[in-house]
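This report concerns only the one structure given below.
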Amino acid sequence: MILLKDAKEILSLQGAALKKGRGIKNEDLSVLKNHSLIVDKEKICWIGELKKLPSDFKKKIKKEISLKNKVLMPTLIECHTHTVFAGSRSAEFEMRLQGASYQEISANGGGILSTQKAIDLISKAQLLNLTQKRVNQFVKQGVSVVEIKSGYGLDLKNEIKSLEILKQIENALVIPTFLGAHAVPKSFSSEQEYLNFLKLKVLPEVKKKKLSQRVDIFIEKGFFSKDVAREYLKHCQSLGFEITIHADQISLSGGSELACELGALSADHVIQLSEKEIKKISQSEVTPVLLPLADLYMRCAYPPARKLIDSGARVALASDFNPGTCPSQDVMMVGLLARLEMKMTLTEVIVAYTLGASYALNLQDQLGSIEVGKKALIAILEGDASDLFYSSTQNPISERFFQNKVQKLNSAEF
Ligand SMILES: [Zn+2]
């Protein structure tokens, strides 16, 4: 057993966890002062004041770590990223700034399809190397759980290659998601034909090799329509996959509604919602995942975070890191935009990036708060919680507790 003692404060988020991430007030951070905690087998097994430490625990402590003047909080969780890719789309970024639309870029062989070419040409070892470096970039900022979607392979070989390398990623808990339905490759004549191919050839392989338990789809004009997606997602659910949807980003295409209908874990982007969808999603178990850094890059509207939260929705925040529409991994900037542009409170941002994100990944029983029984994945701050999501260049998270060790995040290891 390991004792973590003398922390100035622990943002336990116990109150937020009790409310399942909805209707969050400042007191739901449930700040514990002068508390210590005990970790056994990478799980939290006791939290309290040191003087009240039960004697049977005392005997079993093998290591004591002092965290004087430090603040502890649950690890940040990136619940929506496209971290496994090759190539660069910086030229296309300039095109977009000069007025080309996402659909136009896509129609000209740019967009997702250009990353498809790059991923086909790169070796598995090179792809692993690139992806590991990017994961380390998240880790340095206080993120120890990273969801990563496939979706640039778009054929059997490269979708499987993308998911297989995720099993070898180190330094973070990686949650792989199969996003074969990211775009229709040129070699298929319709979305239906491509989804049939995924159903027949790719999904059985993903399942057999246990590469992912989650399926995502991009529901949008020019990509996949709601009705075709419904049938595909139902098939995935019948195979035991959890589902999540890229929903209502560029146009109101019915993704959020379908997420509610099918009981998806999350509906992501959710920019174009009307009052009807806001009400529906807020009353459902679907977690809307807000991705404001992508919205900044896309120069589009931000999602109606305030309306969602005030209607009772539990929201999550993530970067949407990808080579096309969000090439930045700046975690502090995500939260900063949520505060500046979406009028979320600092407390709401902290809860959305931890507990809210754990719900989007169906990991709320293991992560998202510092409570007995949960995994000991802890961010350690130098300074105060008010320094979080304040500066895009300064991050108060300087260390973490991961795999039974305190690690400095600015070390050469990452
Ligand atoms: Zn995305």
Side-chain angles (χ1 to χ4, degrees), residues 77-86 89 92-93 96 102-103 105-106 110-116 119 131 134-135 138 143 145-154 159 162-163 166 174-184 212 214-224 229 233 242-251 253 255-256 258-259 264-273 286-303 315-331 333-334 337-338 352-353 356-357 360-361:
I77 298 174
E78 262 295 332
C79 67
H80 182 138
T81 85
H82 304 255
T83 304
V84 55
F85 64 86
R89 292 189 11 213
E92 158 192 328
F93 180 59
R96 192 146 46 79
Y102 193 39
Q103 280 93 344
I105 290 168
S106 178
I112 293 165
L113 301 181
S114 75
T115 306
Q116 182 196 7
I119 221 163
T131 307
R134 297 173 188 137
V135 167
F138 278 126
V143 178
V145 182
V146 186
E147 185 263 8
I148 301 180
K149 303 173 194 298
S150 70
Y152 294 116
L154 304 175
E159 280 297 310
S162 301
L163 290 172
L166 298 184
V174 170
I175 310 298
T177 303
F178 175 61
L179 176 57
H182 199 187
V184 180
S212 168
R214 298 161 44 85
V215 168
D216 193 353
I217 187 166
F218 189 23
I219 299 182
E220 188 57 67
K221 266 186 207 151
F223 292 85
F224 298 94
L233 292 173
E242 290 171 331
I243 59 167
T244 170
I245 297 176
H246 274 71
D248 304 313
Q249 178 187 9
I250 302 163
S251 62
S253 311
S256 307
L258 189 61
L265 287 176
S266 70
D268 301 29
H269 285 291
V270 295
I271 294 169
Q272 311 291 342
L273 304 185
V286 178
T287 301
V289 178
L290 316 176
L291 307 158
L293 194 50
D295 305 333
L296 176 73
Y297 269 98
M298 291 288 276
R299 294 185 300 168
C300 64
Y302 291 89
V315 302
L317 281 164
S319 67
D320 194 21
F321 171 51
N322 75 80
T325 58
C326 188
S328 168
Q329 291 181 258
D330 191 336
V331 168
M333 192 65 180
V334 172
L337 286 170
Y353 231 136
L361 299 177

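Counting convention: from 1, in listed order, for ligands and their atoms alike. None of these values were measured; they are calculated from a predicted model.
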Requested in this report: Report the C-alpha separation of Arg89 and Thr115 in whole Å, then their side-chain angles, then the decisive distance to 0.1 Å, and conclude whether the side chain to side chain donor-acceptor pair (under 3.5 Å) test is met.
Outcome: CA-CA 8 Å; Arg89 292 189 11 213; Thr115 306; 2.9 Å; yes

Query raised in the report: Please, which pairs that meet side-chain hydrogen bond (donor to acceptor under 3.5 Å, both in side chains) have at least one residue in residues 77-86, sequence neighbours excluded?
Result: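 Found Glu78-Ser319, Glu78-Tyr353, His80-His82, His80-His246, His80-Asp268, His80-Asp320, Thr81-Thr83, His82-His246, His82-Asp320.
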
Query raised in the report: Which heavy atom in Glu220 sits nearest to a heavy atom in Ile250, and how many Å separate them?
Result: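 It is OE1-N, 3.0 Å.
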
**Report entry** For the student: nearest non-hydrogen atoms of Ala318 and Val334, plus distance
**Finding:**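 Of all heavy-atom pairs spanning Ala318 and Val334, the closest is O-CG1, 3.5 Å.
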
Query raised in the report: Under the side chain to side chain donor-acceptor pair (under 3.5 Å) criterion, do Ser256 and Asp248 qualify, and how do the steps go?
Result: CA-CA 7 Å; Ser256 307; Asp248 304 313; 2.5 Å; yes

Requested in this report: Apply side-chain contact (heavy atoms from CB on, under 4.5 Å) to the pair Ser162 and Tyr152, showing each step before the final yes or no.
Outcome: CA-CA 8 Å; Ser162 301; Tyr152 294 116; 5.8 Å; no

Query raised in the report: Can you count the protein N, O or S atoms that lie less than 2.8 Å from the Zn ion (ligand 1)?
Result: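 Protein heteroatoms (N, O, S) closer than 2.8 Å to the Zn ion (ligand 1) number 4.
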
